[in-house]
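Here the structure comes first, spelled out in structure tokens, and everything after it is commentary.
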Amino acid sequence: MLLRFIVNLGQITTSSVATPRAIMLDIKFIRENAEAVQKAAVDKNFEVDIDRLLELDEERRTLLHETEKIRARRNEVASAIPKASNDERPELIAEGRELKEKLSTMDEELHEVQESYESLLLMVPNLPAPEVPIGDDDEDNEVIRHVGEPREFDFEPRSHEELGEHLDIIDKERAIRMAGSRAYALKGAGALLEMAVMRLGMDIMVEAGFTPVIGPLMVNREAMTGTGFFPYGKDDTYHLESDQKYLVGTSEVFLVSLHREEILDPETLPRFYAGKSSCFRREAGSAGRDVRGVYRVHQFTKVEQVAICVADKDKSREIHEKLLGNSEKLMQLLGLPYRVAIACTGETGLGQVIKHEIETWMPSREKYSETHSCSSLYDYQARRSGIRYRDENGETQFCYTLNNTLAASPRILIPILEHYQNEDGSVNVPEALQKYMYGMTVITPES
RNA sequence: GGAGGGGUGGCCGAGUGGACGAAGGCGCUUGAUUCGAAAUCAAGUGUACCUUUACGGGUACCGUGGGUUCGAAUCCCACCCCCUCCGCCA
């Protein structure tokens, strides 16, 4: 089985040996469900050796126990010294010195074990929900409903690329000249169209009670690891080397990280956020794929939904449907034909429990293609990010997180342009977008 | 970019080598008082990991990481962040 990602372990740093933080699936859970976890990794197409992890866990705990015993004695000796008589003191100091030596070698060993352990732990995937079909690629996704019908053209429809050029609203040639492959520029009605979709999207979000957020697009490694994009997604992420910052591939990174290392008041849950941001993706390993048009680009704009809720599967599922519903609402307002599918295991990301994709009909591709992705992660991100709440027993619990695309452009412009095109190469503006387009109803080369 | 100041618990704030997981205050919880409340008094009040059937015990955490020491919130080094002034700037 081909591995989806090439893993770079080199730069993962771990938290201190003395205070291991919960950073992944609960190790106790992994211990008790080793087989299921290993199966999840195989089904999801991630390579991780659970047996090795458990071995390291065993070693780690043994060393932890031993070092803690030495530390306890060291503390005892150290506090006895000031009270000791002059006769006793040299002996105690000698013992302390000895303990220090012992501790330093053992600590080093523990450190190494801990580091391997945590690196491995970061790569353990979350378990997919039972209803997720097992499979390798999107061929194995399970379509659960269709909404709308692909348009029957009584003329030869043009691709969005042709339309974009004809209308002079998508300029790839000039953009590529200054920025390289997969670059594009939206001009005139093209730029307005993108902004219109984003504004419509944000209106839906605000009406639904989501808090709009514009957040940092350059973030540190902790935010990337905390949201589960590192270590696996590292190759797909732009790195600003001189500042040790990374460009986010989605506003999910800053929306989830908003509450990093916080204990939230459960009264304030669930929290709903809508982020609007540029998104940056290197698209590593996809050279030569989807090179036509603006389907797969390095930089795009997105309105994203994020929810943080209590650790309850039913509640999470309820919110999942709500997020999905918001996106479908947008699609229906845009009047675009789409279908909804459950992503199979091979298409389900490291932390994802279940993912629904909205796939929109794209005439030029002659198929439904992904425009939205709605994911439940349970406590996967919250563990890594330290987002907790206090339950009714006063115990801290990790929150559950979810996210879904509300609208991503320019990809969403593809079905809009292609679906609403006219025989003369003009494009009708969907009614829902007209008010954000200064009343423009049709895009022509002159408009 | 240059010069200086600073990061301690939910908050404020003390602490410059041992009695400090950390004074004091505020806040919060519980109890006493009260018909009830306020005020007052008393007790409690961080996070995580390891261990234990349990009661409990242990370890770590004073921005982060290293170092010195029998012993570090306290001393040393590096980094991160915040504030003030200067420079530059949408």
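Quick note on labels: first sequence line is chain A, next is B, and so on, each numbered from 1. No hydrogens, no waters, no symmetry mates; every other heavy atom, side chains included, goes into these values.
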Spacing of the C1' atoms in A32(B) and A38(B) (rounded, Å):
16 Å

Run Arg61(A) and Asp57(A) through salt bridge (Lys or Arg N to Asp or Glu O under 4.0 Å) and show every step you take.
CA-CA 6 Å; Arg61(A) 280 189 296 160; Asp57(A) 175 45; 3.7 Å; yes

Is the ring pair Tyr378(A)/Tyr400(A) parallel, tilted or perpendicular, if the boundaries are 30 and 60 degrees?
parallel

Nearest to the side chain of Glu68(A) - G58(B), G66(B), U47(B)?
G58(B)

Classify Ile81(A) by what it touches in the nucleic acid, base, sugar-phosphate, or nothing, heavy-atom distance under 4.0 Å.
base

Using OP1 and OP2 only, check whether a side-chain N or O of Arg390(A) sits under 4.0 Å from U47(B).
yes

In whole Å, I'd like the distance from the NE2 atom of His65(A) to the P atom of G58(B).
12 Å

Taking atom C1' in both U64(B) and C70(B), compute the distance separating them and give it to the nearest angstrom.
26 Å

Any side-chain N or O of Arg73(A) under 4.0 Å from OP1/OP2 of C70(B)?
no

Are OP1 or OP2 of G71(B) and a side-chain N or O of Asn75(A) less than 4.0 angstrom apart?
no

Are any of the side-chain nitrogens in Arg60(A) or Glu115(A) under 4.0 Å away from the carboxylate oxygens of its partner?
no

Quantified in whole Å, what is the P atom distance between nucleotide G9(B) and nucleotide C79(B)?
24 Å

To the nearest Å, how far apart are Arg221(A) CZ and G65(B) P?
12 Å

Could you point out which residue of Asp236(A), Leu350(A), Thr250(A) forms a side-chain contact (heavy atoms from CB on, under 4.5 Å) with Phe229(A)?
Thr250(A)

Mapping Pro82(A) and Arg74(A) to their closest nucleotides on RNA chain B, which lands nearer the 5' end?
Pro82(A)

Can you tell me the distance, in whole Å, between the CZ atom of Arg71(A) and the P atom of C70(B)?
16 Å

C61(B) versus A39(B) - spacing of their C1' atoms, nearest Å:
39 Å

Please tell me which of the listed nucleotides, C50(B), A48(B), G71(B), lies nearest to the side chain of Ala78(A)?
G71(B)

To the nearest Å, give me how far apart CG (Leu103(A)) and C1' (G71(B)) are.
13 Å

Report yes if a side-chain nitrogen or oxygen of Arg61(A) is closer than 4.0 Å to either non-bridging phosphate oxygen (OP1 or OP2) of U51(B); otherwise report no.
yes

Taking 4.0 angstrom as the limit, do Glu95(A) and Arg73(A) come out as a salt bridge?
yes

Atom CZ of Phe398(A) and atom P of U47(B): how far apart are they, to the nearest Å?
13 Å

Validate the cation-pi geometry between Lys44(A) and Phe46(A): distance from NZ or CZ to the six-membered ring centre under 6.0 Å, angle to the ring axis within 45°.
no

Pairwise P distance, G71(B) and G21(B) [rounded to whole Å]:
16 Å

Distance check needed: G46(B) P versus Glu261(A) CD, whole Å only.
19 Å

Should the pair Lys245(A) and Tyr238(A) be classed as cation-pi, given the thresholds of under 6.0 Å to the six-membered ring centre and 45° from the axis?
no

Nucleotide A78(B), atom P - distance to CD of Gln244(A) in whole Å:
19 Å

I would like to know whether Glu318(A) and Lys315(A) meet salt bridge (Lys or Arg N to Asp or Glu O under 4.0 Å); could you show each step before the answer?
CA-CA 5 Å; Glu318(A) 188 187 303; Lys315(A) 185 70 194 167; 3.2 Å; yes

Checking all strands, does Arg89(A) fall into the base, sugar-phosphate, or nothing category for heavy-atom contacts under 4.0 angstrom?
nothing

Is there a side-chain contact between Thr67(A) and the phosphate of U59(B), meaning an N or O under 4.0 Å from OP1 or OP2?
no

Nearest listed nucleotide, side chain of Ala72(A), among A48(B), G58(B), C50(B)
G58(B)

Quantified in whole Å, what is the P atom distance between nucleotide C80(B) and nucleotide A73(B)?
24 Å

U59(B) versus C77(B) - spacing of their P atoms, nearest Å:
30 Å

Between G27(B) and C20(B), how far apart are the two P atoms, rounded to whole Å?
26 Å

Could you list all N or O pairs between the protein and nucleotides 19-21 of chain B that sit under 3.5 Å apart?
none

Among Tyr389(A), Tyr273(A), Phe398(A), ring-ring contact (aromatic ring centres under 6.0 Å, His included) partner for His259(A)
Tyr273(A)

Any strand counts, and the cut-off is 3.5 Å on both contacts for Watson-Crick or G-U wobble. Which nucleotide pairs with C79(B)?
G63(B)

Integer-rounded Å distance: G67(B) P and Glu108(A) CD
9 Å

Determine: side-chain N/O of Lys69(A) to OP1/OP2 of G57(B), distance under 4.0 Å, yes or no.
no

Who is the Watson-Crick or G-U wobble partner of C89(B), with both distances under 3.5 Å?
none

